[in-house]
Amino acid sequence: MSQHALLSAGTKSWRSLACSRSELRLDLTLGCGQSFRWRETGDGHWTGVMGGRVWTLTQTDDTLWYHTYNSPNTIGGDGRKRSAGSLLQGSGKRSKGVIEVKEEEEGEPVAVTPDPDRKEEELLNDYFQLKVKLGDLYRDWGAADPHFNSIAKIFTGVRMLRQDPTECLFSFICTSNNHISRIQGMVERLCQSLGTPLCQLDQTSYHDFPSLHALADNSVEARLRDLGFGYRARFLQQSARQILDSHGGPHWLQGLRSAPYLQARDALRTLPGVGPKVADCVCLMSLEKACVVPVDTHVWQIAKRDYSCAAGNGQKSLTDKVHRQIGDFFRQLWGPYAGWAHSVLFCSDLKKFQKLKETHCLKQEEEKKKVKIKVEGEGMTKKIKKMCNRKVKMCVKEEVG
DNA sequence: TTCGGACCTCG
DNA sequence: GAGGTCCGA
């Protein structure tokens with residue numbers, strides 16, 4: 001049996017939070033290239049490391065379900081033999097918005113892993129920034145931007161994570177000249193090679209993200225080159241060394257959360273391997289700078305193609321000035337959470353999510369047919385039929401375009 | 001400020 | 001070429 005938790009299998013203990021899909025879509029949020037540590041380990045089940053522990057997350061319409069695994073050296077490990085129980089039917093217990101599902105072993109209830117201080121709930125709330133009401137933000141962005149509005153119908157629940165700054169910084173140093181799937185592999189090798197092991201599930205060993213000390217060791221560059229990091233190997237080691245030697249450690253990175261955006265960005269850019277794009281990603285995704293729009297060639301294309309944004313027209317490469325102009329353009333359009341809005345558009349442009357647009361388009365076609373039948377059935381005038389069809393066509397066009 | 005080339009590897 | 005950065009001119 002799979003050691004990775006599966007909600008339907010009923011062999012593991014799950015807890016849950018009330019959270020609708022419009023507030024959070026796991027597949028989009030965890031797969032759009034913000035974090036590189038989550039894998040789909042079962043249908044709609046995402047397993048990864050966060051806050052020093054291994055999690056499996058999944059969701060139903062109004063609920064976010066989570067399971068955490070005990071590492072081997074903590075009490076009550078997960079290696080015990082478990083039998084499948086019918087835990088989802090009627091054994092859920094609700095307390096202060098938390099549902100505790102008790103697992104059963106040979107008919108006898110087994111105690112769920114206790115979470116008396118609700119630490120895990122807090123970690124999830126913090127990581128997904130669930131206090132920020134995404135529905136309200138989508139409404140505001142849609143009102144200000146028709147193009148966003150058309151995308152938003154398909155790409156709901158794309159939310160900015162609040163990641164650990166060290167993990168975010170060193171992951172994004174790996175992103176230059178690179179694409180998501182390869183970055184995922186690199187970050188995984190980085191953790192397996194230099195991070196503390198947490199637990200093993202179905203031949204996959206999960207490790208914590210490496211500490212600055214582990215990354216700063218002189219042997220790291222050669223080791224990472226062997227693991228296929230190329231020129232980025234030196235950047236990783238040197239940036240870690242610089243943070244330890246010149247700034248005193250991870251505390252410095254955390255401290256940038258309370259610094260203004262430009263100050264934080266400039267501080268990050270003193271590190272080797274950190275240019276405007278990487279610095280902006282770290283600011284947005286781990287340092288609470290929600291207004292920051294990281295600009296890469298991709299976002300530049302979106303600005304030109306979908307917004308006729310003239311910034312950088314005639315330019316061959318993304319200069320600092322073009323970065324600033326495009327960032328300002330989107331900030332003006334979307335407001336203080338512009339970085340969050342940018343991630344929705346970014347997500348909708350990813351190859352792996354194109355199917356979502358197609359299926360949505362098919363649904364629209366079906367709606368169109370239904371409307372047509374209804375109109376004909378009600379014997380409306382030709383003029384009204386025409387108007388109605390045009391409206392549906394416009395809607396479809398908007399979705400596709 | 002801007003530009004081109006180099007840096008790594010892979011599909 | 002890819003979801004970039006660094007370096008020298």
Side-chain angles (χ1 to χ4, degrees), chain A residues 28-38 151 155 158 160-161 163 168-190 193 220-243 265-286 292-306 309-328 330 338-354:
Chain A
L28 302 178
T29 301
L30 298 178
C32 70
Q34 301 183 54
S35 165
F36 303 98
R37 302 218 63 198
W38 296 92
I151 296 287
F155 292 88
V158 183
M160 193 51 59
L161 301 172
Q163 300 184 62
C168 191
L169 170 64
F170 287 89
S171 298
F172 274 89
I173 289 177
C174 300
T175 63
S176 71
N177 256 327
N178 222 335
H179 49 266
I180 292 177
S181 63
R182 185 166 166 238
I183 300 163
Q184 280 182 332
M186 284 167 62
V187 173
E188 189 161 312
R189 292 197 291 280
L190 185 69
S193 171
V220 161
E221 180 182 347
R223 197 155 164 194
L224 293 181
R225 276 190 183 271
D226 285 344
L227 290 172
F229 282 69
Y231 61 91
R232 306 168 194 87
R234 186 167 44 90
F235 291 156
L236 292 165
Q237 190 271 330
Q238 286 183 342
S239 279
R241 174 54 54 207
Q242 192 170 315
I243 293 172
R265 188 197 59 181
D266 291 346
L268 291 170
R269 284 191 63 176
T270 63
L271 301 168
V274 182
K277 163 70 184 351
V278 171
D280 276 353
C281 284
V282 177
C283 281
L284 172 66
M285 300 173 188
S286 71
V292 176
V293 178
V295 178
D296 51 28
T297 50
H298 204 173
V299 172
W300 192 15
Q301 294 309 314
I302 292 176
K304 283 195 282 197
R305 186 191 66 209
D306 301 330
C309 173
N313 272 358
Q315 291 279 33
K316 288 193 174 173
S317 60
L318 267 172
T319 58
D320 264 6
K321 196 180 169 189
V322 181
H323 269 101
R324 200 170 50 246
Q325 285 178 334
I326 296 179
D328 287 344
F330 283 123
W340 287 51
H342 133 279
S343 74
V344 179
L345 289 200
F346 189 88
C347 187
S348 83
D349 238 41
L350 288 176
K351 229 180 209 166
K352 62 172 163 182
F353 293 134
Q354 293 314 299

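Note: hydrogens, waters and symmetry copies are ignored here, and every other heavy atom, side chains too, is used.
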Students often get this wrong, so: under 4.0 angstrom with heavy atoms, is [X] touching a base, only sugar-phosphate, or nothing?
X      : result
A:P276 : sugar-phosphate
A:L224 : nothing
A:C32  : base
A:N178 : sugar-phosphate

Task: Backbone N/O of A:T270 and side chain of A:Q242: donor-acceptor pair under 3.5 Å - done: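 Side chain of A:Q242 to backbone of A:T270: a pair is present.
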- [ ] Could you tell me whether a side-chain N or O of A:R265 sits under 3.5 Å from a main-chain N or O of A:C283, the two making a donor and an acceptor?
- [x] no
Measure from [atom1] on [X] to [atom2] on [N] and round the result to the nearest Å.
X      : N     : atom1 : atom2 : answer
A:K277 : C:dG4 : NZ    : P     : 6 Å
A:H323 : B:dT2 : NE2   : P     : 12 Å
A:R269 : C:dC6 : CZ    : C1'   : 11 Å
A:L268 : C:dG4 : CG    : P     : 18 Å
A:I173 : B:dC8 : CD1   : P     : 15 Å
A:R324 : B:dT1 : CZ    : P     : 6 Å

Any side-chain N or O of [X] less than 4.0 Å from the OP1 or OP2 oxygen of [N]?
X      : N     : result
A:T319 : B:dT2 : yes
A:R225 : B:dC8 : yes
A:T297 : C:dG4 : yes
A:Q315 : B:dC3 : yes

Open item on the list: More than 12 heavy atoms of other residues, nucleotides or ligands under 6.0 Å from NZ of A:K352: yes or no?
Closed with: yes
TODO: Between B:dC8 and C:dG8, how far apart are the P atoms? Round to whole Å, please.
DONE: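 It works out to 16 Å between them.
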Open item on the list: Of the listed nucleotides (B:dC10, C:dC6, B:dC3), which one gets closest to any side-chain atom of A:S317?
Closed with: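 Closest nucleotide among those given: B:dC3.
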